[in-house]
Amino acid sequence: MNIYVANIPWKASEDQLKDLFAQYGEVTSAKIIMDKVTQRSRGFGFVEMGDDNSGRTAIAELNGRDFLGKSLVVNEARPREERPARSGGFRRNDFN
DNA sequence: GTTGAGCGC
């Protein structure tokens, strides 16, 4: 279950985020997105949970909840940009 | 040492 977490305070770390979600289920991995150049916290991150049910529970319980003084925004994450290597599949002009 | 809408490489 991929979960998108926004409105994260800049003082928060991945461990705190993982610990926060671990209360509602097994957290496979927690990651806070940092800036590419300055490596500073962008204020949002992603949490992956083992159980989809626990993930939904964590979303329902942590969405809008206070976290280090900021109101968290928790939602289901969108599928990441897939990195097409050399997938022998369809091409965009195969319709011709 | 700063900032606060938004989706990661």
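Note that the structure is predicted; figures quoted are calculated from it, not measured. Letters A, B, ... mirror the listed sequences (proteins, then strands); counts begin at 1.
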Practice problem: Could you check A:Asn75 against A:Asn7 and say which one's nearest nucleotide on DNA chain B is further toward the 5' end? | Solution: A:Asn7
Quiz item: Hey, which of these two, A:Arg42 or A:Asn2, hits DNA chain B nearer its 5' end, going by closest nucleotide?
Solution: A:Arg42
Is [Y] close to [X] at the side-chain level, that is, under 4.5 Å between some pair of heavy atoms?
X       : Y       : answer
A:Val47 : A:Leu17 : yes
A:Tyr24 : A:Ser54 : no
A:Phe46 : A:Asn2  : no

Sugar-phosphate, base or nothing in reach of [X], heavy atoms under 4.0 Å:
X       : result
A:Pro9  : base
A:Glu48 : nothing
A:Ile8  : base

Planes under 30° and centres closer than 5.5 Å, is that true for [X] with the base of [N]?
X       : N     : result
A:Phe44 : B:dG6 : no
A:Tyr4  : B:dG6 : no
A:Trp10 : B:dT3 : yes

Quiz item: Rounded to the nearest 0.5 Å, what separation is found between the CZ atom of A:Phe44 and the NZ atom of A:Lys31?
Solution: 10.0 Å
Quiz prompt | A:Gln16 side, atom CD; A:Phe21 side, atom CZ - distance, nearest 0.5 Å | solution = 13.0 Å
Quiz prompt | Spacing between A:Ile59 atom CD1 and B:dC7 atom C1', to the nearest angstrom | solution = 13 Å
Quiz item: To the nearest angstrom, how far is A:Leu72 atom CG from B:dG4 atom C1'?
Solution: 13 Å
So if I take every side-chain heavy atom of [X] and compare against [options], which nucleotide ends up nearest?
X       : options             : result
A:Phe46 : B:dC7, B:dG6, B:dC9 : B:dC7
A:Val73 : B:dG8, B:dG4, B:dG6 : B:dG6
A:Ala6  : B:dG6, B:dG4, B:dC7 : B:dG6

Self-check item: side-chain hydrogen bond (donor to acceptor under 3.5 Å, both in side chains) contacts touching residues 66-76 of chain A (sequence neighbours left out)
Solution: none
Quiz item: Which ones in residues 17-35 of chain A lie close to DNA chain B, meaning a heavy atom under 4.0 Å from one of its atoms?
Solution: A:Lys31, A:Ile33
Quiz item: What pairs of residues pass the salt bridge (Lys or Arg N to Asp or Glu O under 4.0 Å) test when at least one of them lies in residues 47-64 of chain A, not counting sequence neighbours?
Solution: A:Glu61-A:Arg65
